[in-house]
Amino acid sequence: ARKSKIQTRNLEDKLEGATIQEIAAIVHGGLFALHSLGVYYNLRKRRYLDAGIHGAIAIYDIIASYRHYKSRRQDE
């Protein structure tokens, strides 16, 4: 139990300076990476419609990530 408290405290220290906008930008970046893998996988399986949908969502995630980053910069 003691170890988990230490891990939680370390996580809190790491996130202390991060704002919700920065966390949201990181999440959208991760989603972009996963959707990019979806594009690759579906192109390999010749599922072009699915690949296109993953591609469109990946583009959305990049735009959303940029907007969160831009919003964070305006808050400073």
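Side chains included, hydrogens not; waters and symmetry mates left out as well; all remaining heavy atoms used.
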Worksheet item: According to the ring-ring contact (aromatic ring centres under 6.0 Å, His included) rule, which pairs have a member within residues 21-42, sequence neighbours left out?
Response: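 Those involving residues 21-42 are H28-H68, H35-H54.
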Discussion item. Tell me the closest heavy-atom pair linking S65 and A25, and the distance in Å.
Written reply: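 So the two residues come closest at OG-O, 3.1 Å.
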Worksheet item: Quick one: side-chain contact (heavy atoms from CB on, under 4.5 Å) partners of I26, sequence neighbours excluded?
Response: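 For I26 there are no side-chain contact (heavy atoms from CB on, under 4.5 Å) partners, ignoring immediate neighbours.
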Discussion item. With rounding to the nearest 0.5 angstrom, report the CD1 to OG distance, I62 to S36.
Written reply: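 Interatomic distance, I62 CD1 to S36 OG, rounded to 0.5 Å: 7.5 Å.
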Practice prompt. Please go through I59's hydrophobic cluster and name the other residues, only I, L, V, M, F, W, Y counting, with side-chain heavy atoms under 4.5 Å joining them.
Written response: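 Traced through the cluster, I59 reaches I63.
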Fill in: Remaining members of the apolar cluster that contains L43, side-chain heavy atoms under 4.5 Å
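Answer for L43: V39, Y48.
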